[in-house]
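Report on the following structure.
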Amino acid sequence: MKKRLWLLFVISLTCILAMLFLGPYVYLLLTSLKPSAEAVSSPPTLWPSKFSFENYRNMFDYLPVGKYFANSLITAITSTFISVLLGSMAAYGISRFTSVTGKYFLLFTLVIRMVPMISIAIPMYMIIKNMGLIDTHLALVLVYTSVNVPFAIWLMIGFFDSIPKEFDEAARIDGCSWLGSFIRVIIPVSLPGLATTAIFTFMLAWNDFLFALLMTSTNAKTATVGISEFLTAYNLDLGPMTAAAVSFSLPVMIFSLFLQRYIVSGMTLGAVKE
């Protein structure tokens, strides 16, 4: 009896938490499917009187949303690839070649990652401005990479530490160099770690608002800044804004679903038998 009551309590609590997390997004999705006039009606309604894709068509008429989404994809994907590449190589070196310098470097990256982004936004803006890269994709790629590499190092080093060093030794015996063993042996084994790191770094770049607001104006403006333009001092285009917000959330969901099969814990457990 006690077990059943405890199970019922856990299920109920799980459902409540799920509703708290999913509730705002469900309301956003339903609002995006309302007619434009109904989306701003007062008092607001949860369920649309009729489902309409009017807001999804209108969002392209109000603003160049397609261009903003393309800019976000370019900067997020490029910075994610570079961050995971550099972060995994640095983490592998620190994991396999333990030294005092490596430990201090790891601590230094942690300190850098703990610095609030707002405190480095202006210095980064001045650097990018002096380089003549304001309102370019390269500016955002450089900023996102510099912010995400320390994060990628700290995520990946835990995965590399869990991979037995016997893997490297076996590859070295077979004639591989350190780089060869890293590419041919360690990378395939650490795909779950790479996938997890890629998802988090992609989300950090994709969701950024502060740096995109400071360093872009027209050509490289991202979706986060573009969506905010539906809200002005004179008007609130809530219908197209919710449609753009729903569309903005889809790439992260698709990216996560595509990589979910790699996110498996304990892939190397028991791989080396004594």
Side-chain angles (χ1 to χ4, degrees), residues 10 14 17-18 21 75-117 141-208 251-274:
V10 171
T14 302
L17 292 176
F21 280 102
T75 54
I77 292 176
T78 306
S79 62
T80 297
F81 175 78
I82 299 174
S83 299
V84 173
L85 177 64
L86 297 179
S88 60
M89 293 178 68
Y92 177 72
I94 296 172
S95 175
R96 289 301 185 263
F97 305 101
T98 306
S99 65
V100 177
T101 305
K103 292 181 180 179
Y104 280 114
F105 175 77
L106 192 60
L107 180 61
F108 180 67
T109 58
L110 177 62
V111 171
I112 292 176
R113 194 64 188 85
M114 292 174 64
V115 174
M117 294 297 102
V141 169
L142 291 175
V143 171
Y144 295 156
T145 301
S146 63
V147 171
N148 284 333
V149 165
F151 180 72
I153 292 174
W154 270 92
L155 276 180
M156 287 305 303
I157 197 168
F159 288 98
F160 288 141
D161 285 343
S162 66
I163 298 176
K165 293 184 179 180
E166 285 80 358
F167 282 20
D168 306 76
E169 295 172 0
R172 295 281 291 167
I173 292 173
D174 289 339
C176 286
S177 62
W178 283 109
L179 181 60
S181 63
F182 173 70
I183 296 174
R184 297 181 181 182
V185 178
I186 303 302
I187 289 297
V189 174
S190 60
L191 280 179
L194 291 172
T196 304
T197 305
I199 289 174
F200 280 106
T201 52
F202 181 84
M203 289 179 62
L204 289 172
W206 180 256
N207 293 328
D208 172 69
V252 175
M253 295 182 181
I254 295 172
F255 188 56
S256 301
L257 289 174
F258 178 74
L259 294 178
Q260 69 170 338
R261 65 192 183 95
Y262 293 112
I263 306 175
V264 181
S265 60
M267 175 177 256
T268 59
L269 291 178
V272 178
K273 303 291 185 180
E274 294 186 359

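Remember, predicted model here, so these are calculated numbers, not experimental data.
When every heavy atom of T201 is checked against every heavy atom of N148, the shortest pair comes out as O-ND2, 3.4 Å. For the residue pair A205 and A76, the shortest heavy atom distance occurs at CB-CA, 3.9 Å. For the pair A90 and I153, the tightest heavy-atom approach, listed with the atom from each and the gap, is CB-CD1, 3.8 Å. The two atoms that bring M156 and A91 nearest to each other are CB-CB, 3.7 Å, heavy atoms only.
Two residues are said to be in side-chain contact when any heavy atoms from C-beta on lie closer than 4.5 Å; S88 and T197 fail this criterion. Contact annotation: the side chain of I186 approaches that of I163 to within less than 4.5 Å [non-hydrogen atoms, C-beta and beyond].
With respect to Y92, the ring-ring contact (aromatic ring centres under 6.0 Å, His included) criterion is satisfied by exactly one of F167, F159, F160: F160.
The side-chain hydrogen bond (donor to acceptor under 3.5 Å, both in side chains) search around N207 returns none, not counting sequence neighbours. In this structure Y144 satisfies the ring pair (Phe, Tyr, Trp, His ring centres under 6.0 Å) test with no other residue, sequence neighbours excluded. Residues passing the ring pair (Phe, Tyr, Trp, His ring centres under 6.0 Å) test with F200: none are found, sequence neighbours excluded. Looking at residues two or more places apart in sequence or on another chain, you find no side-chain hydrogen bond (donor to acceptor under 3.5 Å, both in side chains) involving T145.
For residues 149-158, the set of pairs meeting the side chain to side chain donor-acceptor pair (under 3.5 Å) definition, not counting sequence neighbours, comprises T109-W154. Among pairs with a residue in residues 77-87, none fulfils side chain to side chain donor-acceptor pair (under 3.5 Å), at least two apart in sequence or across chains.
In this structure, I187 CD1 and L194 CG are separated by 5.0 Å, a value rounded to the nearest 0.5 Å. Going from atom OG of S95 over to atom CG of D161 covers 3.5 Å, rounded to the nearest 0.5 Å.
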Candidate pair V147 and L204, rule side chain to side chain contact (heavy atoms under 4.5 Å, CB included), full reasoning: CA-CA 9 Å; V147 171; L204 289 172; 6.0 Å; no
